[in-house]
Amino acid sequence: MTGTSAPPAGFSPSLADRLAPTAPGATAVVTATVRGTRHSISCHGHPSASPGTPAGPRTVFELGSVTKTMTALLLAQMCMRGEVRLEDPITEYLPSHARPRHAEADRITLLHLATHTSGLPRLPANLYPVALPRWTTAPYAGYTPDHLLSAATRIRPRPAPGTRVRYSNFGVGLLGRLLAEAASETYEHLLATRICAPLALADTTVVPPPPDIGQTPKTGPADLAVGHRHGRPMPPMSMPGLPGAGAVRSCAQDLLRYLDAHLHPSATPLAAALHEVRQPRLAKPSDGDRIALVWNVRTFPDHDLYFHCGGTSGFTAFVGFSPQAETGLAALANTAPSLRSNFVQAAYCLLTSLVGEASDDRSAHRTLDPVVQTPAAFSTQPPKNGQTSALRAPHFTP
């Protein structure tokens, strides 16, 4: 499959079965893999704890911070259309009543927001009073667009913009709002028309499902997975004030298309934006990794590895790809991140194994599983201290 063509009808459960033990409490795990022209979807379990239809290619999961990669692509697309520029200050797109009171905020640009160098904190200060009563279940549900604009008036970057990488849900959530302001649209409509429609992501949306999804009959071909935290069902995530930071839901079938678009941009209507979003913008002095527009970039002698993870109160997600190896992986589980889970690390290690198999320079040859075309014996354990950087798993940053 390339561009927006349909994925294969069949899929193997092998990869999802292998990742499932790394996500305790999940009732469903799915993966989507791209290796050149070879594509596969694997599924494990059921969308909820109740027996029924097995998880499939169109079972919908919350993506958490993987949403940020779509916000970045939206930024790149709007730059290519001349609607915004990376160097534009955030004050250019904020409504007049939401302009920051501190002059330092004038130095923050859209690029700073997309590279976590804005100097903004992880979360806006006015979110905590709203979120604390439902911190483990629905922390963002009561945080509205008006709350975000109120937080914008109090922006005072620390440290100065462009001087330090500081992961910020606030920053990328604000970026999504500014792009919507620039286009005079809602973030939801922008994502649907500018990203999902051109890439044929039919089941990818920001709109939350009904709160009682466990009892609601299906209204279409896509199943809604029920999130879990420590084995307990969780309500759907709602992020009305910060949708660009983590509100997107998607499925393995759509993420297969999404990965394929990043690996084969010229086969899509968003070729220029997909090339732009992959350009590294800065290097982190702490570990040498680079940051593109939102994407983390890890460089090896013969390839680059782009990756991002995400988590909500009931789901965990990982997406990564290597352009040079033409290899990509998406892995989704319907359980929240926890100290007992190493799902993200295991998915990252699996991606490095897939990329290694695709590399002509890899010296050690592994036996391939003929069904899913992936190493038959990859480790689901995170790398130990002192292992090669090729298996240096990412820290979890939801």
Side-chain angles (χ1 to χ4, degrees), residues 1-20 28-44 54-61 63 66 69-70 73 195-204 221-223 249-271 274 278 295 303-308 317-333 346-360 362 366-376 378:
M1 181 188 71
T2 58
T4 59
S5 59
F11 54 91
S12 166
S14 299
L15 284 184
D17 283 344
R18 295 173 189 177
L19 282 176
V29 172
V30 301
T31 68
T33 57
V34 179
R35 302 190 72 198
T37 59
R38 297 174 293 179
H39 303 78
S40 66
I41 293 173
S42 66
C43 307
H44 168 95
R58 297 189 66 186
T59 299
V60 174
F61 294 70
L63 299 188
V66 172
T69 69
M70 297 185 180
L73 183 56
I195 305 300
C196 297
L199 299 182
L201 309 182
D203 298 320
T204 299
D223 293 303
R249 294 162 172 79
S250 191
C251 62
Q253 178 170 282
D254 280 5
L255 290 180
L256 199 62
R257 293 190 174 103
Y258 188 59
L259 286 168
D260 208 47
H262 283 81
L263 292 169
H264 307 104
S266 60
T268 78
L270 301 180
L274 287 161
R278 285 182 359 195
W295 287 99
H303 68 273
D304 294 322
L305 205 62
Y306 292 73
F307 58 93
H308 210 289
F318 174 86
V319 176
F321 63 94
S322 171
Q324 295 85 354
E326 293 188 274
T327 299
L329 168 72
L332 309 173
Y348 174 85
C349 291
L350 173 56
L351 175 60
T352 63
S353 295
L354 293 170
V355 170
E357 286 294 339
S359 174
D360 292 335
R362 178 69 63 145
R366 294 181 177 88
T367 301
L368 295 184
D369 180 326
V371 177
V372 296
Q373 300 168 330
T374 191
F378 77 92

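As the structure is a computational prediction, the values presented were derived from the model and not from experiment.
Here the side chain of Asp203 pairs no donor or acceptor atom with the backbone of Cys251 at under 3.5 angstrom. Between the side chain of Thr204 and the main chain of Ser250, no donor-acceptor pair closer than 3.5 Å is present. For Gln324 (side chain) and Asp304 (main-chain N/O), a donor-acceptor pair under 3.5 Å exists by modelled atom type. Side-chain atoms of Ser353 come within 3.5 Å of backbone N or O of Cys349 as a donor-acceptor pair.
The shortest non-hydrogen separation linking Ser322 to Leu305 is CB-CD1, 4.0 Å. Across every non-hydrogen atom of Ala347 and Leu19, the tightest pair is N-CD2, 4.1 Å. Val319 and Ala330 make their closest contact through CG2-CB, 4.0 Å (heavy atoms, listed as atom of the first residue, atom of the second, distance). For Ala333 against Val29, the heavy-atom pair with the smallest separation is CB-CG2, 4.0 Å. Shown here for Thr268 and His264, the closest heavy-atom pair between the two residues is CG2-O, 3.8 Å. Taking all atoms of both residues into account, the shortest heavy-atom contact from Leu332 to Ala317 is CD2-CB, 3.6 Å.
Under the ring pair (Phe, Tyr, Trp, His ring centres under 6.0 Å) criterion, Phe321 pairs with His262, Trp295, Tyr306, sequence neighbours left out. Applying the side chain to side chain contact (heavy atoms under 4.5 Å, CB included) test to Ala28 and every residue at least two apart in sequence or in another chain returns Ala55, Phe61, Asn334. Looking at residues two or more places apart in sequence or on another chain, you find no side-chain hydrogen bond (donor to acceptor under 3.5 Å, both in side chains) involving Thr327. Shown here are the side chain to side chain contact (heavy atoms under 4.5 Å, CB included) partners of Ala202, two or more places apart in sequence or in another chain: there are none.
If you take CG on Asp254 and CG on Leu63, they are separated by 9.5 Å, rounding to the nearest 0.5 Å. Atom CD of Glu326 is separated from atom NE2 of His303 by 13.5 Å, given to the nearest 0.5 angstrom. In this structure, NE2 on His44 lies 12.0 Å from OG1 on Thr31, to the nearest 0.5 angstrom. Interatomic distance, CG of Leu270 versus CD1 of Ile195, reported as 5.5 Å (0.5 Å rounding). Here the straight-line distance linking atom CG of Leu256 with atom CD1 of Ile41 works out to 5.0 Å at 0.5 Å rounding. In this structure, the separation between OG1 on Thr33 and CG on Leu354 is 6.5 Å, given to the nearest 0.5 Å.
Side-chain contact between Leu351 and Phe318 is present, with heavy atoms from C-beta onward closer than 4.5 Å. A heavy-atom distance below 4.5 Å is found between the side chains of Arg278 and Pro265. Leu199 is listed as a side-chain neighbour of Leu73, based on a closest heavy-atom distance under 4.5 Å.
Taking the charged nitrogens against the carboxylate oxygens, Arg257 and Asp260 have no contact shorter than 4.0 Å, which rules out a salt bridge.
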